[in-house]
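All residue numbers refer to positions in the sequence shown, counting from 1. What's counted below: heavy atoms across the whole structure, side chains too, no hydrogens, waters or symmetry copies.
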Amino acid sequence: MSVWQGSALAGVRRTLGMVHWYLQELTGETAYERHCARHRKKHPLVPAPTRREFQRMRARRREAEPGSGCC
């Protein structure tokens, strides 16, 4: 493999990584991880909710604030 091929491959990997990150942010997939990080910081002795509990809380919050969505 030449140097050019190696750098091109690294560029493709970097671009795919950025697209993957963007899609995770766009779909809200990383929201649970961010919530758990904040929860551990603010409440270190209280266990974080499970992913399922978090999704339920998030759905309830969205239903309670119908004007906060896009349409």
If every non-hydrogen atom of G28 is compared with every non-hydrogen atom of R58, which pair is closest and at what distance?
-> O-NH1, 3.6 Å
How many angstroms lie between atom CZ of R60 and atom CZ of R62, to the nearest 0.5 angstrom?
-> 12.0 Å
Please report the shortest heavy-atom distance between F54 and P49, naming the atom on each side.
-> N-CB, 4.3 Å
Name all residues meeting the salt bridge (Lys or Arg N to Asp or Glu O under 4.0 Å) criterion together with R51; count only those two or more places apart in sequence or in a different chain, and write none if there are none.
-> E33
In short, T50 meets E53 closest at the heavy-atom pair N-OE1, 2.8 Å
State, to 0.1 Å, how close T30 and E25 come at their nearest heavy-atom pair, and which atoms those are.
-> OG1-OE2, 2.9 Å
Scan for side-chain hydrogen bond (donor to acceptor under 3.5 Å, both in side chains) pairs involving residues 12-22, sequence neighbours excluded, and state none if there are none.
-> none
Taking all non-hydrogen atoms of both residues into account, name the closest pair between A48 and H39 and its distance.
-> CA-CD2, 3.4 Å
All salt bridge (Lys or Arg N to Asp or Glu O under 4.0 Å) counterparts of R56, not counting sequence neighbours | none
